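Just so we're clear, the structure is a prediction, and the values are computed from it rather than from any experiment. Counting starts at 1 for both ligands and their atoms, in listed order.
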Amino acid sequence: HDDHLEKRSQPGAPQPNPVDLSPLTWGDVNIIHTTDTHGWLSGHTKEASYSADFGDFSSFLYHMRQQANHRRKDLLVVDSGDLHDGNGLGDASPVNGQYTRPIYQKINYDALAIGNHELYVNDVAENTYRDFAPGWGKRYLTSNVFIKDSHTNKTVPIGNLYNKFRLKFGTRVMSYGFLYNFKGAANNTVVEPSNFTVTLPWFQKSLKEDVDMYLIVGHVPIRWAEATAVVKAIRAAHPSKPIVVLGGHLHVRDFTVYDNRAFGLSSGRFMETLGWMSVDGIKDRACRVETNCIGKNLTVTRRYLDSNVYTYKKHSLAHPRQKFDTWKGRSITKEIFKVRKTLNLSNTIGCAPQDYYLARYPYTDARSLLNLVANEVLPTAVVNASRPYPGVVIVNSGSQRFDLFKGPFTLDDTYIVSPFHNDFIFATVPYKVASKMLAALNGAPFQKRADEALPAYATNATLTPGYVTKDDYGYGGDDWKHSTIPYVPSPNYISSPLPTGLAETDLVDIVWLSFFTNLVEPILKKLDPATTYTSGIYRRDVDTNSMLLNFVKAKWSNTTC
Ligand SMILES: O=c1ccn([C@@H]2O[C@H](COP(=O)(O)O)[C@@H](O)[C@H]2O)c(=O)[nH]1
Ligand SMILES: [Zn+2]
Ligand SMILES: [Zn+2]
């Protein structure tokens with residue numbers, strides 16, 4: 001399944017009736033949006049609906065730009081960040097992102113924002129600053145994200161604070177790039193709250209430029225205060241200027257209407273979705289006097305495209321027999337294929353006996369990935385049987401990122417399911433303390449906020465499962481009509497089973513991930529104020545990513561698929 005040039009003709013590849021996809025609506029300005037791609041440049045090798053790779057995406061953009069020229073309409077291509085952590089292509093290399101960064105660079109994005117996954121690790125932040133941002137010139141936008149330059153010791157924006165530019169058919173755009181109020185950034189970086197940034201002289205000065213629209217590229221959920229703060233600041237100065245927010249981070253399809261001339265779009269995750277937005281009315285000459293257009297509607301459409309070659313061809317080609325692959329697109333596909341080979345990403349380590357889903361079933365269900373992790377992976381691959389005490393291992397459920405499908409389990413899958421290299425930390429505590437830790441953690445503030453609920457879903461049993469999105473325009477934004485996939489929330493932390501038959505004072509190793517040590521330490525103090533526990537690394541040979549690899553080697557390697 002690794003031959004990307006052939007995969008489009010695979011059995012099971014999407015073959016809808018052509019009338020199923022209605023043509024896109026074009027406006028004065030049109031936007032193609034990606035977000036939270038997390039290195040999935042190969043596309044989904046196990047899911048035909050999302051099987052387009054970045055070479056295909058490049059070819060698609062070529063044809064869309066041709067179409068825009070033909071229609072004499074402006075087209076913007078935008079990315080909202082989170083390029084790292086999530087796929088072997090970016091994460092299995094000696095330096096994280098060393099092969100994916102140059103491939104991203106081949107896509108002619110007009111504007112990009114930085115994501116939190118560019119900022120967890122000092123080296124990734126430094127490489128983003130040195131090796132990635134410069135290649136984009138003013139298009140890499142970090143209005144509120146800074147780095148301490150290791151050569152000069154000065155704290156500087158990682159990219160550009162803002163960028164004013166003119167599109168081919170005349171639209172003048174003022175663009176910014178905002179990150180949500182991320183608290184876990186590496187210590188060589190600084191994230192400024194957006195409601196403070198918008199008060200700064202440079203931002204206020206930028207609002208005095210004469211432009212036709214504002215583009216906020218954000219690694220920010222479009223409904224969060226960090227996004228609305230920027231919309232409000234622009235609106236305070238410009239009562240009717242069109243504002244578009246292109247957000248991300250929550251990995252959802254969503255669209256919101258801030259007012260009748262300000263809109264936000266969020267385009268999913270993992271190269272499953274290309275967001276499309278058309279905005280008509282921007283060129284209205286009467287609106288050059290802003291007070292003329294207060295309350296006047298812009299005509300805006302949104303569409304969430306499933307990222308496969310069928311979709312790409314259907315929307316971008318002038319006629320169905322036109323050649324789709326461009327020379328550049330094919331060469332990107334070949335490069336991806338080559339990197340996958342170099343990194344042995346398709347090497348099969350074992351055979352998964354069934355599908356395990358991240359969020360389709362309750363975590364107590366045998367089809368749940370979190371159930372597999374809690375009851376099989378942690379006891380097998382993390383608990384250290386040579387320790388004098390039994391171990392109880394707790395992980396954050398957010399450390400598990402994607403479904404695990406029945407059949408060949410590859411090296412790539414270890415990164416797809418959990419790309420992180422968080423260490424396991426432990427303290428030896430009485431059973432009565434260990435037994436209360438999971439509940440205490442699940443009562444602690446969530447790492448993401450409560451308002452991140454997925455949009456509501458509709459049901460339809462006759463269609464193939466996929467996205468069914470409800471947003472501020474209602475249903476109808478999904479390009480492909482799907483039946484809903486159930487979504488069941490799970491606890492924020494899950495644990496291997498507690499040992500049985502112990503007295504309250506018997507000692508136990510309580511084990512957790514370095515990612516949330518800051519939460520565990522105060523809980524230990526609260527549960528047992530009299531004792532100060534020392535913590536250390538539980539095992540040096542296993543982390544979040546390698547635990548699944550070790551489990552598969554131990555339990556699934558002798559089975560054939
Ligand atoms: O080292 C890490 C870093 C992150 N996580 C998990 O990822 C999410 C954030 O991912 P987004 O793609 O930005 O939504 C974070 O909340 C953690 O759940 C991790 O487990 N370990
Ligand atoms: Zn993300
Ligand atoms: Zn994110």
## Note on the structure
ligand 1 atoms nearer than 4.0 angstrom to some heavy atom of D82 are 11 (P), 12 (O), 13 (O)

### Atom OH of Y162 with >12 non-hydrogen neighbours under 6.0 angstrom
no

### Query
When you look at F270 and H38, which way does the ring-ring contact (aromatic ring centres under 6.0 Å, His included) test go after all the steps?
CA-CA 6 Å; F270 304 157; H38 288 282; 5.5 Å; yes

### Task
Among L83, D82, V77, find the one that has a side chain to side chain contact (heavy atoms under 4.5 Å, CB included) with D79.
L83

#### Entry: Part of H249 within contact of ligand 1 (heavy atoms, under 4.0 Å)
both

### Task
Answer with yes or no whether the side chains of T37 and Y104 bring together a donor and an acceptor at under 3.5 Å.
yes

### Residue H117, metal the Zn ion (ligand 2), N/O/S under 2.8 Å
no

### Sub-4.0 Å atoms of ligand 1 with respect to non-hydrogen atoms of N396
17 (C), 18 (O), 19 (C), 20 (O)

### Per-residue contact class, N422 against ligand 1 - non-hydrogen pairs under 4.0 Å
side chain

#### Entry: contact_flag H38 ligand 1 heavy-atom lt 4.0 Å
yes

### Task
Tell me which N, O or S atom of D36 sits nearest to the Zn ion (ligand 2).
OD1

### Task
For the residue pair D53 and T333, confirm or rule out a side-chain donor-acceptor distance under 3.5 Å.
yes

### Closest H249 atom to the Zn ion (ligand 3) [N, O or S only]
ND1

### Within 6.0 angstrom of Y258 OH, more than 12 heavy atoms from elsewhere
yes

### Task
Give a yes or no answer on whether the side chain of S80 reaches the backbone of L246 with a donor-acceptor pair at less than 3.5 Å.
yes

### Message
Are the side chains of P134 and Y140 in contact, using a 4.5 Å heavy-atom criterion?
### Response
no

### Task
Give me the ring orientation class for W480 and H482: parallel if the planes are under 30° apart, tilted from 30 to 60°, perpendicular past 60°.
parallel

### Summary
dist N422:CG -> L513:CG (nearest 0.5 Å) comes out at 5.5 Å

### Message
Distance under 4.0 Å to a non-hydrogen atom of G398: what atoms of ligand 1 satisfy this?
### Response
6 (C), 18 (O), 20 (O)

### Message
Taking backbone and side chain together, does Y180 place any N/O/S atom at a distance below 2.8 Å from the Zn ion (ligand 3)?
### Response
no

### Task
State the atoms of ligand 1, each with its element, that fall below the 4.0 Å cut-off from a heavy-atom position in S399.
20 (O)

### Message
Would you say the Zn ion (ligand 3) has D82 as a near neighbour, meaning an N/O/S atom of that residue under 2.8 Å away?
### Response
yes

### Task
Return the option from F270, F182, F515 holding the heavy atom at the smallest distance from atom 2 (C) of ligand 1.
F515

#### Entry: Test side chain to side chain contact (heavy atoms under 4.5 Å, CB included) applied to F409 and L411, D412, D413, the passing residue
D413

#### Entry: Shortest heavy-atom approach to atom 19 (C) of ligand 1 - which of Y180, F516, Y120, F420
F420

### Query
Where does H421 meet ligand 1, judged by heavy-atom distances below 4.0 Å: at the side chain, the backbone, both, or neither?
neither

### Message
Is H251 close enough to the Zn ion (ligand 2) that one of its N, O or S atoms comes in under 2.8 Å?
### Response
yes

#### Entry: Residue part near ligand 1, for T544, under 4.0 Å between non-hydrogen atoms
neither

